[in-house]
Amino acid sequence: MKGIRALVTAGLVLGVFGCSSEDGDATLAGAPKAPRMEEAIKMAGSLHVTWVNEEPACDGVELERRTTSPAGQVVADFAVVYRLPGAVDNKHDGTATEDATYTYRARCVKAGQTSAYSNEISANPK
């Protein structure tokens, strides 16, 4: 009975306060919705990234990128490469020019809270 009571209590706590996001930070219920990545397309020797802002009133969007070599080795792990106003839904990444795979993800920042990460999209500008 104690085990069942503990599970129910844990379930209520998770239901009220949320669970951990992909980056390990606690996410409270009511946190902003994550953007949804649409595409990364070759453009002018680099990449143009688009997404859908699922949270209508984001204060800002953090766009992160990971770089993987043609051999499949991670050259640079995910890091914020652009901080953009919340209404922005695309970015031309003129620094993505090497023969490598660039993987992008984004999250919404609203009232001091961050959303979970979006889905990831990848492309090679070459």
Side-chain angles (χ1 to χ4, degrees):
M1 189 67 161
K2 285 183 181 180
I4 292 172
R5 188 173 296 138
L7 286 173
V8 170
T9 301
L12 289 173
V13 169
L14 287 175
V16 172
F17 293 106
C19 56
S20 294
S21 62
E22 290 179 33
D23 64 355
D25 293 337
T27 304
L28 297 177
K33 294 178 186 175
R36 180 174 33 89
M37 302 304 288
E38 288 282 294
E39 60 185 340
I41 56 174
K42 296 177 187 182
M43 184 183 291
S46 54
L47 294 170
H48 191 78
V49 183
T50 63
W51 59 89
V52 173
N53 289 319
E54 299 288 353
E55 184 68 39
C58 271
D59 299 328
V61 174
E62 292 180 343
L63 185 64
E64 294 190 357
R65 181 180 75 194
R66 177 180 65 213
T67 308
T68 308
S69 73
Q73 298 172 323
V74 174
V75 175
D77 208 356
F78 278 111
V80 175
V81 287
Y82 299 104
R83 286 187 171 86
L84 305 160
V88 172
D89 62 2
N90 68 90
K91 179 63 181 162
H92 185 78
D93 186 359
T95 64
T97 58
E98 300 297 319
D99 182 15
T101 299
Y102 297 90
T103 301
Y104 297 90
R105 67 184 183 187
R107 62 184 181 172
C108 167
V109 179
K110 181 179 178 182
Q113 288 189 308
T114 55
S115 70
Y117 286 107
S118 67
N119 57 308
E120 298 175 2
I121 57 169
S122 301
N124 185 324
K126 299 296 176 191

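Computed from heavy atoms alone, side chains included, the values below leave out hydrogens, waters and symmetry copies. No experiment lies behind these values; they were computed from the predicted model shown.
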Taking [X] for the side chain and [Y] for the main chain, is one N or O donor matched with an acceptor at less than 3.5 Å?
{"X": "Asn119", "Y": "Met37", "value": "yes"}
{"X": "Lys33", "Y": "Ser115", "value": "no"}
{"X": "Ser118", "Y": "Ala106", "value": "yes"}
{"X": "Asn90", "Y": "Val49", "value": "no"}
{"X": "Asp59", "Y": "Ala111", "value": "yes"}

Determine the minimum heavy-atom distance between [X] and [Y], stating which atoms define it.
{"X": "Ser46", "Y": "Asp93", "value": "CB-O, 3.2 Å"}
{"X": "Asn53", "Y": "Gly86", "value": "ND2-O, 3.2 Å"}
{"X": "Ala123", "Y": "Ala40", "value": "CB-O, 3.5 Å"}
{"X": "Ala116", "Y": "Ala34", "value": "O-CB, 3.2 Å"}

Is Glu98 atom CD crowded by more than 12 heavy atoms from other residues, nucleotides or ligands, each under 6.0 Å away?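 Atom CD in Glu98 is not crowded, with 12 or fewer foreign heavy atoms closer than 6.0 Å.
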
Can you tell if the side chain of [X] reaches within under 4.5 Å of the side chain of [Y], non-hydrogen atoms only?
{"X": "Tyr102", "Y": "Thr95", "value": "no"}
{"X": "Ser69", "Y": "Val75", "value": "yes"}
{"X": "Thr97", "Y": "Pro125", "value": "no"}
{"X": "Trp51", "Y": "Val61", "value": "yes"}

What do the steps show when you test Glu38 against Arg36 for salt bridge (charged side-chain N to carboxylate O under 4.0 Å, His left out), and what is the final call? CA-CA 6 Å; Glu38 288 282 294; Arg36 180 174 33 89; 2.5 Å; yes

Cluster overlap [X] with [Y], hydrophobic side-chain contacts below 4.5 Å:
{"X": "Ile121", "Y": "Phe78", "value": "no"}
{"X": "Leu84", "Y": "Leu47", "value": "yes"}
{"X": "Tyr104", "Y": "Val88", "value": "yes"}

Distance (rounded to the nearest 0.5 Å) between [X] [atom1] and [Y] [atom2]:
{"X": "Gln113", "Y": "Glu55", "atom1": "CD", "atom2": "CD", "answer": "9.5 Å"}
{"X": "Glu64", "Y": "Arg105", "atom1": "CD", "atom2": "CZ", "answer": "4.5 Å"}
{"X": "Thr50", "Y": "Asp89", "atom1": "OG1", "atom2": "CG", "answer": "7.5 Å"}
{"X": "Leu63", "Y": "Arg107", "atom1": "CG", "atom2": "CZ", "answer": "12.0 Å"}
{"X": "Glu62", "Y": "Thr114", "atom1": "CD", "atom2": "OG1", "answer": "7.0 Å"}
{"X": "Thr101", "Y": "Lys126", "atom1": "OG1", "atom2": "NZ", "answer": "12.5 Å"}

